[in-house]
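Convention: sequence-line order gives letters A, B, ...; per-chain numbering from 1.
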Amino acid sequence: MFDFLIDGFGVAFTPLNLGLAFLGALLGTLFGALPGIGPINGIAILMPLAYTLGLPAESALIMLAGIYTGAEYGGRMSSILLNVPGDAGAVMTTLDGHPLAKKGLAGPALGLSAVSSFVGATIAILGLTLFAPLLARAAVLFGPAEFFALMVFAFSSMSVMMGKDPIKTAIGAVLGVLIATVGVDSGTGVMRFTFDMPELYDGIDFVVMIIGLFAISEILLMLEHANRKDSEAELPPLGRVFVSMKEVMLCKWTMLRSGLMGFIIGVLPGTGASVAGAVSYTTEKRLCDKEGTFGKGDWRGLAAPEAANNASAAGSFVPMLTLGIPGSGTTAVLLGALMLYNITPGPMMFSENPEVAGGLIASLYIGNIVLLALNLPLAGLFARVLTIPRWVLVPGIAILSFVGVYQLHSDLTAIYLMLIIGIFGYLLRKLGFSLAPVILGYVLGGLMEENLRRALAISGGDTGILWQSGISLGLWIAAAALLILPWLFGRLSAVRTSRSA
Amino acid sequence: MSLFNSRTADRGLAIALIGLAAFIASQALSLEVPFSYDPVGPKAFPIGLAIILALLSLVLLIRPGENGEWPSAGVALKLLAVLGLLLIYALLFQRLGYLMSSGLVIAGLARLFSASWLKAVATGVLMAIGSYWLFTLGLGITLPGGSWLG
């Protein structure tokens, strides 16, 4: 049953793909370490350039996956050194990471986070290797109705888990799905929401969408940060460069537990690194914090979220590869990238494109080792990236965005569209929205409509087919439970506190 | 000091989204669909989404939530300046060519992000030339040379 992995290593070990895995890991770490640029922005900026290399699908995906995991690695630097999390997944890393840096232990803290990231990711990649083929086999039983129910489940789990405000998360997802409806309707050939503009007939291009939404809005946000007083932070001294074996061994159970937890959370659709980091940190705090050192620079408090968020990053490949449902905003971007190559991830991928599925999983093993090898000795060098001034960084992002979009069709309309989407993304972020649901909605929207219509075409319009099978009924019930239970618990506890008061 | 109060912003957003939902629904309803075997057709899905969007926006209208911090008037002005520069970049991109337009816009952006004039101009020149080499020679992308050259 592991034939795909053996084939995969065959694909991943070609010199080109090894080089790309290395390049992706390096670029990802650099971009992840850049102040204010999280993994998702890094991928958004680098992806169009990966296309221009004219790589075959599996090579492009290997490079993108390297960028993805590399960016998760790099994101911790600003958390530890500057107390500024690069993205939501790294928020928990600041709690104990930055106090350690203040104690003069920045070097070992970076080292420990590299080791725990490695352990967490390894656990999750092993899990991915074991479970993905099994799940893919089960997913073959899924028809259009089951897929539709699964996407409804993914959206409801996302509304509950992602972001602070469930209503805004849901609105963001709906807006994303609506953007996906622009263009020619594949079923009937009718133009929808194109307003007679030929540029919109093919819909809003994926690259235009992610660059506008993430890179352009990031430029605008950076301008605001630049006008705050605390913007020019000093790098603390790194201290000794390597983490000691004693410190690593102190955290071994924390890493294993958090890695496992992160993997499971990553597998659930819609729940990404931020949830994994938070859950593992609070669990470890409850289990290990006997002397009240968590939050003041405890090694375990750093190891827990780092192991968990890297594990969830690899775990979110499970639903993406087997069901075609991304587990996080970043995997949604990767899924969109695959669709550009006319590969629809899903249960058939392991049988139809084994070189892509296997090659990707194999390259995750390789990339993980490359990352550890890069990050332990070179942490000091990567930390230097944090001191790049904004007046160099922002023009750099601007030209990368423009060229990335321009090279698609040598067309200016796409650039104007990118700017409009950028303003839209900026406003959403200011209004307290998270962008991950928007991109998930955009990527899944087309599939969702397609599956709904296919299901109803099979039944001749009878909506009963949507919840007839056991699988889809179960998914509908799970989706409803996710939406109702937190609200119900909130009500109950509110009643209880008002009674006791 | 910020430009809006967070509740007002959310209420305004909710009203705008309800308007958007109505617009989407009316656009979808006016689609002319040729005969097809598909029992759902292209209208139902957007209309369903518009209804969900309207309902969610109603909830937001009744219970507005937290916003990020809105920029002060001075920062907002700078934001407009950055957007203006990006728009100028788009306008000039093909006319002036990659090297000239990028050099100008990079210098302008660097200046807006409070680099000194000297640093801004140096960044503009170096980054425009360096990136031109990287994109054209390294990645094989064709960039506009500029119509002004002839």
Handout entry: Top of Gly422(A), Pro395(A), Gly396(A), Gly432(A) for chain B proximity - count of heavy-atom pairs under 4.5 angstrom
Key = Pro395(A)
Exercise for the section: Verify side chain to side chain contact (heavy atoms under 4.5 Å, CB included) between Leu213(A) and Ser217(A), making sure each step is shown before the conclusion. Expected result: CA-CA 6 Å; Leu213(A) 206 55; Ser217(A) 73; 5.8 Å; no
Handout entry: Donor-acceptor pair between Glu199(A) and Tyr416(A) side chains, under 3.5 angstrom
Key = no
Practice task
Measure Leu134(B) against the heavy atoms of chain A and call it side chain, backbone, both or neither at under 4.5 Å.
Solution key: neither
Problem - Interface moiety of Leu20(B) toward chain A, non-hydrogen atoms closer than 4.5 Å - result: side chain
Handout entry: Heavy-atom contact with chain B under 4.5 Å, split by part of Met191(A)
Key = backbone
Practice task
Please confirm whether the backbone N or O of Gly183(A) pairs with a side-chain atom of Arg192(A), one donor and one acceptor, at under 3.5 Å?
Solution key: no
Handout entry: Heavy-atom proximity to chain B below 4.5 Å, by part of Leu419(A)
Key = side chain
Practice task
Pick whichever of Thr142(B), Val40(B), Ile106(B), Leu79(B) has the most heavy-atom pairs under 4.5 Å with chain A.
Solution key: Leu79(B)
Exercise for the section: Check whether Ile399(A) gets within reach of chain B through its side chain, its backbone, both or neither, counting any heavy atom under 4.5 Å. Expected result: both
Completion exercise
Of Leu427(A), Thr181(A), Leu431(A), the largest count of non-hydrogen pairs under 4.5 angstrom with chain B goes to Leu431(A)
Practice task
May I ask you to check if Arg111(B) and Trp391(A) form a cation-pi contact, with NZ or CZ under 6.0 angstrom from the six-membered ring centre and within 45° of the axis?
Solution key: no
Handout entry: Residue, of Leu400(A), Leu220(A), Ile415(A), that accumulates the most heavy atom pairs under 4.5 Å with chain B
Key = Leu220(A)
Completion exercise
Whatever's closer than 4.5 Å to a heavy atom in chain A on Leu49(B) counts as both
Practice task
Look at the aromatic rings of Phe193(A) and Phe195(A) and report parallel, tilted or perpendicular, splitting at 30° and 60°.
Solution key: tilted
Completion exercise
Cut-off 4.5 Å, heavy atoms of chain A, and the answer for Leu31(B) is side chain
Handout entry: Which atoms of Leu86(B) approach chain A - backbone, side chain, both or neither, heavy atom under 4.5 Å
Key = both
Practice task
With a 4.5 angstrom heavy-atom cut-off, could you sort out which part of Ile171(A) is near chain B: side chain, backbone, both or neither?
Solution key: both
Problem - Per-residue contact mode, Val190(A) against chain B (heavy atom under 4.5 angstrom) - result: side chain
Exercise for the section: Verify, without hydrogens or angle tests, whether Glu449(A) (side chain) and Gly446(A) (backbone) share a donor-acceptor contact under 3.5 angstrom. Expected result: no
Exercise for the section: Using a cut-off of under 4.5 Å on heavy-atom pairs, state which of Lys78(B), Arg63(B), Glu32(B), Lys43(B) scores highest against chain A. Expected result: Lys78(B)
Practice task
Can you tell which part of Leu139(B) gets under 4.5 Å to a heavy atom of chain A, answering side chain, backbone, both or neither?
Solution key: both
Practice task
Report, as yes or no, whether the 6.0 Å neighbourhood of atom CG on Asp462(A) holds more than 12 heavy atoms from other residues, nucleotides or ligands.
Solution key: yes
Handout entry: Pair Glu224(A) + Lys430(A), salt bridge at N-O below 4.0 Å
Key = yes
Completion exercise
If you tally heavy-atom pairs under 4.5 Å between each of Ala115(B), Gly108(B), Ala107(B) and chain A, the highest tally belongs to Ala115(B)
Practice task
Side chain from CB out, backbone as N, CA, C, O: work out which of these in Tyr132(B) comes under 4.5 Å of a heavy atom of chain A, or both, or neither.
Solution key: neither
Problem - Donor-acceptor under 3.5 Å (Ser410(A) side chain, Gln407(A) main chain) - result: no
Practice task
Mind running side chain to side chain contact (heavy atoms under 4.5 Å, CB included) on Phe148(A) and Arg454(A) for me, showing each step along the way?
Solution key: CA-CA 10 Å; Phe148(A) 181 72; Arg454(A) 219 183 273 164; over 6 Å; no
Problem - Separation between CG of Leu175(A) and CG of Leu17(B), rounded to the nearest 0.5 Å - result: 6.0 Å
Problem - Heavy-atom donor-acceptor pair, Ser26(B) side chain to Phe23(B) backbone, under 3.5 Å - result: yes
Problem - Part of Ile423(A) lying under 4.5 Å from any heavy atom of chain B - result: side chain
